[in-house]
Amino acid sequence: MYDLGDLYQELILDHSKKPRNFGPMDVANATAEGYNPLCGDKITVQLKLENDVIREVGFQGSGCAISTASASLMTESLKGRTREEAEHLFQGFHDLLTGEKQAPAELGKLAVFSGVREYPMRVKCATLAWHTLRAALHNSGPVMARVSTE
Ligand code: ZN
């Protein structure tokens with residue numbers, strides 16, 4: 001495993017082994033699929049949107065520990081958020097992993113991924129779920145959106 005610091009590593013390992021909100025969702029009204037060809041991570045994100053609020057969120061797929069843990073922690077942080085808040089979190093998470101910026105406090109546990117910045121190959125693993133979420137938010141229709149990080 002990568003040297004992300006013990007605490008970080010523990011949280012990421014825990015979520016990769018026991019992903020939260022994992023499995024198909026009957027009530028979903030927005031879905032998107034994401035693929036990270038660099039690593040082979042595949043994910044489907046499902047949402048139940050009520051007006052502008054994310055009432056339920058779940059994911060399925062298979063990928064490395066980082067991509068699974070990121071998706072799991074993402075779903076935990078999204079319930080009850082509006083589209084706008086979700087977009088804001090996406091930006092914060094993206095900045096955390098790609099930029100020089102400090103993690104905004106509202107990222108909470110998601111800040112554990114700051115260590116991934118040291119491993120550029122893994123950044124796309126960590127952001128895949130978020131790109132897929134974004135596609136789902138912009139696509140609450142019957143046609144499934146597909147994103148690739150390539
Ligand atoms: Zn990966």
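When a ligand or atom number is given, it counts from 1 through the structure's own listing order.
The shortest side-chain heavy-atom distance between Pro19 and Phe59 falls under the 4.5 Å cut-off.
Residue pairs meeting the ring-ring contact (aromatic ring centres under 6.0 Å, His included) criterion with at least one partner in residues 72-91, sequence neighbours excluded, are Phe90-His94, Phe90-His131.
Listed for the Thr44 side chain is no donor-acceptor partner under 3.5 Å among the backbone atoms of Glu33. In this structure, the side chain of Asn51 does not engage the main chain of Val53 through any donor-acceptor pair within 3.5 Å.
Around the Zn ion (ligand 1), protein N, O or S atoms at less than 2.8 Å comprise Cys39 SG, Asp41 OD1, Asp41 OD2, Cys64 SG, Cys125 SG.
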Would you sort out whether Val27 and Arg55 count as a side-chain contact (heavy atoms from CB on, under 4.5 Å), showing the intermediate values?
CA-CA 10 Å; Val27 294; Arg55 289 294 174 207; over 6 Å; no
- Query: Between Lys48 and Asp26, does a salt bridge (Lys or Arg N to Asp or Glu O under 4.0 Å) hold up when you go through it step by step?
  - Reply: CA-CA 9 Å; Lys48 183 184 183 219; Asp26 291 341; over 6 Å; no
